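None of these values were measured; they are calculated from a predicted model.
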Amino acid sequence: MELAQLRYFVAVVEEGGFTRAGARLHVSQPGVSAQVAQLERELGQRLLDRSGRRVTPTEAGRAVLSYARAALAAVEGVRRTAEEFSGLLRGRVALGLIPGAASAAVDGFDVVEVLGAFHDEHPGVEIALSEDTSERMLAALLRGELDLAVVGLAGEPPPGVSCQVVLDEPLVAAVRADDPLVAAAVDGEIPLAALRGRALISLPRGTGLRGVLERACAQAGFAPRVDFEAAAPAVLVRLAARGLGVAVVPSGAESGAGPRADVGAGPTSGTATGAGAGTATGLGTGTGLCALRITEPRLTGRVALAWRTDGPPGPAAHTLLGRLRAQAPGRPAP
């Protein structure tokens, strides 16, 4: 049995005929037919039904097909591994990003810079970028559709996913200076319960921030009233400045930093520090908004680099993960 026979058999099944399989493989139709017939003789089974207009696998052919594909994939894996040791990386890396994660560096973590340097060193590697919500990207990681992802964490990562936190900062309620919440705030802080019944402006469902906002409100005994949604905190801030509600955003969202686009929120303990501690702080130049820290529980937003715990499947993704982790300033997520 030869690999060429398996390759021709798989091609005939996928193309539905010998002529189209030959065109795909750049081999004459009689050559493909002869190789598949030889495979059938060696196995003692008819693998293909040639009676119809379209060639289809027999019951035995369907049973053999998955093993043939696995054998061809294993050979390709051997080739890629050998190229890794020769210093030549090839293949494809699928990287998912929360919206805006590639727009700017935050705390020294610059996705675009890492990708650029990686491409310069390994031009044979295709990098496929996509943007989505954190919830969907974590599921895609587990399904093997993504190799790596920059996500907002809403608590602990799911089983089978490892993370390294790259950003961790407080969440605030952004309101106009004349909002009653500002007058009711104590040392620039309001309890989560103060948002009960208020029109809220939030990131969409599936983002880390939205998930934990809803979870925290449920634990406090009420459902959040979200009147407006947008994918970027900068838009949430503008809506709040227009008096359309209370925007729940990460502190610093007004700076436009990339990974703040979809942070995950989690309750923490301790005392807030920084420029906003003690008083309500202005949020962005000319917005007329105040940033009130949300407490009871105190919420923080976390952005993390995520990958499957058993490691990326290929050497290219493994190498890129090492580069990203080396630049990431954070620590492994619990």
Side-chain angles (χ1 to χ4, degrees), residues 72-153 157 160-168 207-208 231-234 255-264 302-333:
L72 295 174
V75 170
E76 177 63 19
V78 170
R79 184 187 65 79
R80 287 199 306 266
T81 301
E83 289 178 344
E84 177 186 11
F85 280 96
S86 68
L88 178 63
L89 282 182
R90 295 188 183 278
R92 181 177 184 272
V93 180
L95 173 62
L97 303 172
I98 51 179
S103 63
V106 173
D107 296 337
F109 185 67
D110 191 335
V111 174
V112 171
E113 186 61 32
V114 174
L115 293 181
F118 181 83
H119 177 71
D120 290 342
E121 294 183 26
H122 307 290
V125 177
E126 176 190 355
I127 302 175
L129 295 178
S130 60
E131 289 190 340
D132 208 335
T133 65
S134 299
E135 184 178 273
R136 286 196 287 261
M137 288 193 294
L138 289 170
L141 273 177
L142 292 172
R143 291 194 302 266
E145 297 170 4
L146 289 177
D147 298 308
L148 310 168
V150 177
V151 300
L153 286 182
V161 173
S162 296
C163 292
Q164 181 171 338
V165 177
V166 300
L167 178 67
D168 192 342
T207 57
S255 69
R260 290 180 171 88
D262 171 16
V263 297
R302 295 189 299 163
V303 171
L305 174 65
W307 64 93
R308 288 193 301 280
T309 301
D310 57 3
H318 183 79
T319 301
L320 179 56
L321 172 61
R323 298 289 182 85
L324 290 167
R325 293 195 69 187
Q327 191 185 79
R331 59 192 184 281

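The closest side-chain heavy-atom distance from Ser134 to Leu153 is not below 4.5 Å. When side chains are defined from C-beta on, Val161 does not count as touching Val151, because their heavy atoms never get closer than 4.5 Å. Considering only heavy atoms from C-beta on, Met137 comes within 4.5 Å of Ile98 through its side chain.
Between Asp132 atom CG and Thr207 atom OG1 the span is 11.0 Å, to the nearest 0.5 Å. With rounding to the nearest 0.5 angstrom, the CZ atom of Arg325 is 12.5 Å from the CG atom of Leu320. Residue Leu305 holds its CG atom at 13.0 Å from CG of Leu167, rounded to the nearest 0.5 Å.
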Taking distance alone, no hydrogens or angles, what donor-acceptor pairs closer than 3.5 Å link side-chain atoms of residues 112-120 to residues at least two apart or in another chain?
none

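Pairs engaging residues 311-324 under the salt bridge (Lys or Arg N to Asp or Glu O under 4.0 Å) rule: Glu121-Arg323 [sequence neighbours left out].
The closest side-chain donor-acceptor pair between Thr309 and Ser162 falls under 3.5 angstrom.
Across Leu146, Leu148, Leu321, Asp147, a single residue satisfies side-chain contact (heavy atoms from CB on, under 4.5 Å) together with Leu95, and that is Leu148.
Of all non-hydrogen atoms in Ala128 and Arg92, the two that sit nearest each other are CB-NH2, 3.2 Å. In terms of heavy atoms, Asp110 sits closest to Gln327 at N-OE1, 2.6 Å. In terms of heavy-atom proximity, Leu324 sits nearest to Phe109 at O-CE1, 3.7 Å.
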